[in-house]
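Note: hydrogens, waters and symmetry copies are ignored here, and every other heavy atom, side chains too, is used.
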Amino acid sequence: MTSGIGATVLGYPRIGPRRELKRAVEQYWAGRIGRDALLATAKELRTSTWLELHDAGLDSVPSNTFSYYDQVLDTAALVGAVPARFRQDHDLDTYFAAARGTDEVPPLEMTKWFDTNYHYLVPEIDQDTVFFLAGGKPIEEYREARALGVDTRPVLLGPVTFLLLAKGADPLARLDDLLAVYVELLGALATEGVSWVQFDEPAFAADRTEEELAALGRAYDRLAAVPNRPKLLVTGCYGSLGPALPVLAGSAVEAIAVDLVAGSTEGIASVPALRDKTLVAGVIDGRNVWRADLRQALAKAVSLAGAAKEVVVGTSSTLLHVPYDLDAETGLAPEVRSRLAFARQKVREVVLLGRALREGATGEWAEQAVQATAEPRRDDAVRAKVAALRPADRLRAPYAERAAAQDALLGLPPLATTTIGSFPQTGEIRTARAGLRTGDLTQAQYEERMRAEIARVIKLQEDIGLDVLVHGEPERNDMVQYFAEHLDGFATTELGWVQSYGSRCVRPPIIHGDVTRPRPITVDWASYAQSLTGKPVKGMLTGPVTILAWSFVRDDQPLGQTADQVALALREEIADLEAAGIRIIQVDEPALRELLPLHAADQPEYLEWSVGSFQLAVAGAAVGTQIHTHLCYSEFSEVIDAIDGLGADVTTIEAARSKMEVLEDLRATGFSRGVGPGVYDIHSPRVPSQDEVIDLVAAAAAAVPPKRLWINPDCGLKTRGYAEVEPALRHLVTAARKVRETLG
C-alpha cells in the first residue's frame, strides 16, 4: 500500500462469485454445517478478495467490507448496540438473531439502503443504549490481510450516518457517547500499524439540517484530534455531498471521496479547505454495469486538479451493487457484452485511470480507452407510441365508480384475506427449472410439473380459507428476471448475482435497448389457476418502476422514457389477462421509494415519471378489474402522496415489523382506497402467534374501514418454507375471521 490512498475502490462484493457465502450461511442456519465451517468459508472469500484487489494493481485495498449479513448490523455489533433481547450463547448467533429473529423475538426492522436495492437492518438506539467496543472485527480482518502481505484500509460506517439510520428517541443525541467508542477503535487500529481508515458517511448525499451538518463537523473534529491515529478518508456516496463537503473539508481529515457519477464536479473547486486534502474522484460507476468512457472519466478527474492537494481516482461507491465478473458470462450477445463492465472489470478501469493520471496515456491506456461501438437495440414502433402518449392515456375512471363495479363483481367480505403472490420455491421446483435448462426435461414435461405445483398451491389456499388466491409463481425465478426473459430489449446473466439483503441474492437483468413484448407472458399460468377454483385468482405482474430499479438500466436516454416502454408492455399484458377472465391484477411496485432521489429538489421530476408509468400500465383496465399494487421495506411517509397518486384500488404494504406505523401516515393523508398493511413478516423464519396476528389485524381495523381493509403478509412467500408458511397463513385467516366477528 502506498503512503497515500492512490487509485482505489470503496468496497467490493462479498457473497462470493458463485454465492459461496449464501450457501454456507444458509447451511449454518439449517444446522447442516457448524460454526467452524462457516468461518472457514468466510475466510476463504476475504482472502481471495484481498489478493485479487492487490494483484490487480490498486494502490490501496479496503478491508472490513466483508459481512455475514449487513454492514449496519456489523456496526451495531461492533459498538455494543445489539438489543439485549437477541442475546444468544455465541456472538454469531446473537448477530443472526437480530437479523432474522427467533421463535420468541421478532428481528430488527429492515429498510432500503438509500436509493439502492440493498436492504439494511435498522439499529435501535435510545438513552438506555450503552456503547462500548464490543468486538474487534476491523482489527482482526486487518491482521488477516496483513498476514497475506496486503496492507489494507479498514472501512467503517461513519458514526453520524449510523445514528441517522437508527430509530429511537433522538439517536443523534448519543453522538458523543458513540464517538468515544470510535476514538478507542482508532487508537487500537493505530497500534496495529494501520495507515488509513475509511469512514463512510452516505447519509450526507441526502438533504440534511444544520443540526445534522454541525454533528458531522463535530464528529470529524473529534476523530481527527485523536493523537497518533491513522489518516482518515471520509466518503460520500450516492450523490453530491453539497453543504457537507465544506464541513468535512474544514476538519483535519486527510482525504475525502466524492461521487462524480450520481453527483457532479459542481462546487468542488470553490471549497478552499480542500486544497490541503486528497480528493478521491469517484469517476467509475459503482452501481451500474456499463463500461466507462475512460477518456471522459480521466478528463473529469483532471478538471479537479487545482481543487485539492492531490486528486486520485476511485469508484463512485462500493462495488457491492454490481456482479463479480463479466468473464464468467458466456451467453451474452457480443454487442451487449462489449458495452459492459462488472466489478473485476471496474477495478481494471480504476487501475488504468490511476496510471494515466500519474503517468499520462500509454499504449495499454489507448487500447482500453476505446469505447464500445455497438448501438442499443432500437424499435421505432415503441418509440412512436411513447412519443404519442397523451395525459388521458394515464387516467382510469373515478375510484367510486370502480369500487362499486368491483364489489358487485367480486362480492368479497370485509377484511378480505390474500397473499402477496409467490409461494415457497421448493427443491422440486428448482430441480425442475434446472432440468429444463440442462435439457433433462422437455418444455412439456416442465410445464406439467409447474401445473401440478399450481394445482397443489390452489388447493392449499382453499383449505386454509383465503378469500383471494394466487397461482404461487412456481415458474418464476425472480419477479423481475422472469419478465426480462420474456421482453425484448433485456439481457440476463448466468452468474450476475448481487446481494439484496443477508443471504438473499438477485441477478438484475440488463436493459440494453428499447423494450417491447413479443407475446403474452403470464396469461396461460393465471388462466390455468383460475380454472381450478371458484374463488378469484390474482394475475401477478411486476410494475415498471420496480423493473427499472431492479435492473441495470441503459444510461443513454431518460429513465422515464424507458419506464413508459415497460409500462406499455405491461398494459398489453393486463388487457390479455382481462380477456382471459382474470378480474384482479396485482402490479407490484416495491421499489417506488427506492429510486426516489436523495435531494428534495430532484424528487418531483422522479415522482412525475414513476407514478405516470404505473398509471400508464393500468389505465386501460376496465372499471370492474381490481388493480392491486404492493410496496415493501420503504420509508412510506416520504412517498405517501405518490402511493396515493398510483391510484391502485388496493395497496398492500409492509407493516408487521414496524407494528403498523404506516397506518398513521395513511390516516394523515386521507388515503381512501383499499389497503392491506402486512400482518406477517416473511423476512424472518419466525411464525407469529395467533394472538400477535389478531392484535395487528385489530389495530389495522381500528384505523381503516373494514370494507377497505385487506389482511395479508408483508411480502411474497418465495424465500420461506411450508413448515413456516402454512401455520402463519392459518393464523392470518383465523385472526381476520375473529376480528371480522367483532365488527357486528
J.: Relative to each other, are the rings of Trp113 and Tyr118 parallel, tilted or perpendicular (30° and 60° limits)?
T.: perpendicular
J.: Going through the distances and angles, do Arg153 and Asp59 end up as a salt bridge (Lys or Arg N to Asp or Glu O under 4.0 Å)?
T.: CA-CA 11 Å; Arg153 180 182 75 248; Asp59 295 319; over 6 Å; no
J.: Ring centroid separation for His321 and Tyr238, is it under 6.0 angstrom?
T.: yes
J.: Does Glu494 CD have over 12 foreign heavy atoms under 6.0 Å away?
T.: yes
J.: Is there a donor-acceptor pair closer than 3.5 Å between any side-chain N or O of Tyr324 and the backbone N or O of Pro13?
T.: yes
J.: Can a donor-acceptor pair be found, under 3.5 Å and without considering hydrogens, that links the side chain of Gln499 to the backbone of Gly502?
T.: yes
J.: Nearest 0.5 Å, what's the OG1-CG distance between Thr49 and Leu319?
T.: 11.0 Å
J.: Check this for me, if you would: do Glu572 and Lys385 make a salt bridge, where the nitrogen-to-carboxylate-oxygen distance has to be below 4.0 angstrom?
T.: yes
J.: Is the side chain of Ser613 donor-acceptor paired with the backbone N or O of Asp564 at a distance under 3.5 Å, no angle test?
T.: no
J.: Between Glu349 and Leu294, is any pair of side-chain heavy atoms under 4.5 Å apart?
T.: yes
J.: So for atom CZ, which belongs to Arg449, do other residues, nucleotides or ligands contribute more than 12 heavy atoms lying within a distance under 6.0 Å?
T.: no
J.: Looking at every non-hydrogen atom in both residues, tell me the closest pair between Glu573 and Leu541 and how far apart they are.
T.: CG-CD2, 3.7 Å
J.: Would you say Arg383 has more than 12 foreign heavy atoms packed within less than 6.0 Å of its CZ?
T.: yes
J.: Do the side chain of Lys112 and the main chain of Glu594 share a donor and acceptor less than 3.5 angstrom apart?
T.: no
J.: Got a salt bridge between Asp325 and Arg344, using NZ or NE/NH1/NH2 to carboxylate O under 4.0 Å?
T.: yes
J.: Taking NZ, NE, NH1 and NH2 as the nitrogens, is one of them in Arg46 or Glu144 under 4.0 Å from a carboxylate oxygen of the other?
T.: yes
J.: Any side-chain to backbone donor/acceptor pair from Thr426 onto Ile429? Under 3.5 Å, distance only.
T.: yes
J.: Below 4.5 Å, heavy atoms only, C-beta onward: do Pro544 and Glu589 meet side chain to side chain?
T.: yes
J.: Using modelled atom types and a 3.5 Å cut-off, is there a donor and acceptor pairing between side-chain atoms of Thr235 and backbone atoms of Ala257?
T.: no
J.: Would you call the rings of Phe96 and Tyr28 parallel, tilted or perpendicular, where under 30° means parallel and over 60° means perpendicular?
T.: tilted
J.: Would Arg337 and Asp327 pass as an ion pair if we require N to O under 4.0 Å?
T.: yes
J.: Should the pair Arg451 and Tyr528 be classed as cation-pi, given the thresholds of under 6.0 Å to the six-membered ring centre and 45° from the axis?
T.: yes
J.: Is there a side-chain contact between Asp556 and Pro376 (heavy atoms, below 4.5 Å)?
T.: yes
J.: Is there a side-chain contact between Thr111 and His119, using heavy atoms and a 4.5 Å cut-off?
T.: no
J.: Checking side-chain hydrogen bond (donor to acceptor under 3.5 Å, both in side chains) against Gln425, which of Arg433, Arg720, Glu453 comes through?
T.: Arg433
J.: On the six-membered ring of Trp497, is Arg18 placed so that its NZ or CZ lies under 6.0 angstrom from the centre and within 45° of the ring axis?
T.: no
J.: Answer yes when Asp576 and Arg517 have at least one side-chain N-carboxylate O distance shorter than 4.0 Å, and no when they do not.
T.: yes
J.: Look at the aromatic rings of Tyr482 and His486 and report parallel, tilted or perpendicular, splitting at 30° and 60°.
T.: tilted
J.: Ion pair present between Arg295 and Asp293, side-chain N to carboxylate O less than 4.0 angstrom?
T.: no
J.: Please examine the side chains of Leu38 and Val25, heavy atoms only from C-beta on, and report whether any two atoms are closer than 4.5 Å.
T.: yes
J.: Can you tell if the side chain of Tyr12 reaches within under 4.5 Å of the side chain of Pro62, non-hydrogen atoms only?
T.: no
J.: Are Leu326 and Thr493 side-chain neighbours, meaning at least one heavy-atom pair lies under 4.5 Å?
T.: no
J.: Which value, rounded to the nearest 0.5 Å, describes the distance between Ser240 atom OG and Leu260 atom CG?
T.: 8.0 Å
J.: For the pair Arg476 and Asp478, find out whether any cationic side-chain nitrogen is under 4.0 Å from an anionic carboxylate oxygen.
T.: no
J.: Between His471 and Phe423, is the ring centroid distance below 6.0 Å?
T.: no
J.: Under 4.5 Å between any side-chain heavy atoms of Leu58 and Val9, yes or no?
T.: yes
J.: Count the heavy atoms belonging to other residues, nucleotides or ligands that lie under 6.0 Å from CD of Glu605, then report whether that count exceeds 12.
T.: no
